[in-house]
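Data first, discussion second: the structure below is written as structure tokens.
Letters A, B, ... mirror the listed sequences (proteins, then strands); counts begin at 1.
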Protein chains: 2
Amino acid sequence: MHGHEHGAGHHHHAHGLDVVARAEALCRDRDLQFTRLRRDVLETVAAAQGPLGAYDIAERLSVPGRRVAAVSVYRALDFLTELGLVHRIASRNAFVSCAHEHGAGEGLVFLICRTCGGIGETTAPEIEAGLGRALDRAGFKPASRIVEVEGECGACRERTG
Amino acid sequence: MHGHEHGAGHHHHAHGLDVVARAEALCRDRDLQFTRLRRDVLETVAAAQGPLGAYDIAERLSVPGRRVAAVSVYRALDFLTELGLVHRIASRNAFVSCAHEHGAGEGLVFLICRTCGGIGETTAPEIEAGLGRALDRAGFKPASRIVEVEGECGACRERTG
DNA sequence: GCGCCGTATGTTACAGTGTATCAGCCTATA
DNA sequence: TATAGGCTGATACACTGTAACATACGGCGC
């Protein structure tokens with residue numbers, strides 16, 4: 001699993017350009033700065049096969065003569081995450097890029113493959129109603145939610161049986 | 001929210017004894033050792049109001065003359081997590097104790113309160129079917145899942161309006 | 001131009017999280 | 001007693017994340 005899946009397995013191979021284009025449009029619309037560092041970080045994450053840690057990103061962006069500190073990467077990641085261009089995988093402390101829009105009530109689910117280490121996405125709108133009822137029962141007012149499933153992705157199941 | 005909620009807000013105040021008793025029974029059944037360190041770690045987590053980090057636990061267990069290293073705490077937490085006596089909150093890198101059994105298909109959900117910092121639990125069995133369908137659509141074979149919701153718990157909503 | 005201010009970035013330092021490795025200890029069992 | 005396996009201690013290290021402060025750059029009013 002080296003891309004992201006949407007819905008019933010809609011693959012986005014090499015979507016680096018997609019997400020960068022979306023970033024440009026978003027920043028233009030909202031009068032935000034799509035700076036070089038932010039672009040570099042986004043391109044690096046988008047080009048990666050799997051999730052990247054902040055220090056991985058910093059290392060890949062650092063060349064002799066231009067060293068990128070991890071703290072700068074974190075700031076760029078915060079910015080990109082805020083815009084929904086990048087997602088944080090809490091159970092891995094790592095980040096993936098995301099080329100498609102996400103709306104509320106969509107039921108975003110992250111799929112973490114134990115075999116190839118890749119991150120997929122799918123949506124399960126059905127779970128929103130049930131989760132909403134459960135939260136009502138518990139008297140809990142939600143603000144944000146994460147759903148992460150660890151297992152084996154389709155590609156690895158085919159490969160290894 | 002300084003305990004855990006189960007189902008429609010079933011509270012377990014001061015359940016430290018419950019979970020320790022359950023740990024003893026589990027270890028007896030499975031021929032596992034419920035050592036002093038493991039007991040201490042479990043009691044510390046159970047007695048805490050909110051989630052504890054591994055280093056917090058190590059600090060609380062360290063007294064002059066007996067220093068508990070974080071690495072030992074991690075091993076004990078791994079052991080306890082494996083038995084379902086302790087849960088890890090991925091979005092906080094912290095741990096909470098859990099006095100009740102969990103079965104598959106139960107739809108365990110962690111409720112993280114932004115106001116009081118407490119962790120609650122509830123179950124949403126309804127989401128299992130929907131999530132299962134979504135995973136089928138994506139061709140993904142699940143092994144474990146985490147659902148964490150951040151927001152405001154019932155107690156804090158009453159207190160602050 | 002000049003100063004002012006807000007945003008972005010650089011730099012350093014530090015706190016927190018987690019793992020690897022090796023050594024010692026304790027206990028059960030032969 | 002000897003041995004093997006599980007538990008713990010201790011040290012070191014890598015990774016993750018934040019705080020604090022300095023600097024740079026660009027727009028804006030004067």
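- In terms of the side-chain hydrogen bond (donor to acceptor under 3.5 Å, both in side chains) criterion, B:Thr44 has no residue partners (sequence neighbours excluded).
- Applying the side-chain contact (heavy atoms from CB on, under 4.5 Å) test to B:Arg39 and every residue at least two apart in sequence or in another chain returns B:Val20, B:Glu24, B:Phe34, B:Glu43.
- Ring centroids of B:Phe95 and B:His87 are separated by 6.0 Å or more, keeping the two rings apart.
- Rounded to a whole Å, the CZ atom of A:Phe79 is 11 Å from the C1' atom of C:dT7.
- Residue B:Ser72 places no side-chain N or O under 4.0 Å from the OP1 or OP2 atom of D:dT8.
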Next item on the list: Summarise how protein sits on nucleotides 16-30 of chain C as a single string, 5' to 3': B when a protein heavy atom is under 4.0 Å from the base, S for sugar-phosphate-only contact, - for no contact.
Entry: -BBBBB---------
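- Taking a 4.5 Å side-chain heavy-atom cut-off between Ile, Leu, Val, Met, Phe, Trp and Tyr, the cluster of B:Tyr55 extends to B:Tyr74.
- Nucleotide D:dG17 holds its P atom 12 Å from the CD1 atom of A:Ile89, rounded to whole Å.
- Evaluation of the side-chain contact (heavy atoms from CB on, under 4.5 Å) rule for B:Ala124 yields A:Ala134, B:Val109, B:Glu126, B:Ile127 as partners, not counting sequence neighbours.
- Among residues two or more places apart in sequence or in another chain, the side-chain contact (heavy atoms from CB on, under 4.5 Å) test is passed with B:Asp78 by none.
- Residues from residues 26-37 of chain A placing a heavy atom under 4.0 Å of any atom in DNA chain D do not occur.
- A:Arg92 pairs by the side-chain contact (heavy atoms from CB on, under 4.5 Å) definition with A:Ile89, A:Ala94, A:Ile112, A:Glu150, not counting sequence neighbours.
- Rounded to whole Å, atom P of C:dT7 lies 14 Å from atom CD of A:Glu82.
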Name every donor-acceptor pair, under 3.5 Å, that has one atom in a side chain of residues 58-69 of chain A and the other anywhere in the protein, sequence neighbours excluded.
| from | atom 1 | to | atom 2 | distance (Å) |
| --- | --- | --- | --- | --- |
| A:Ser62 | OG | A:Ala58 | O | 2.8 |
| A:Ser62 | OG | A:Val68 | N | 2.9 |
| A:Ser62 | OG | A:Val68 | O | 3.4 |
| A:Arg66 | NH2 | A:Asp40 | OD2 | 3.0 |

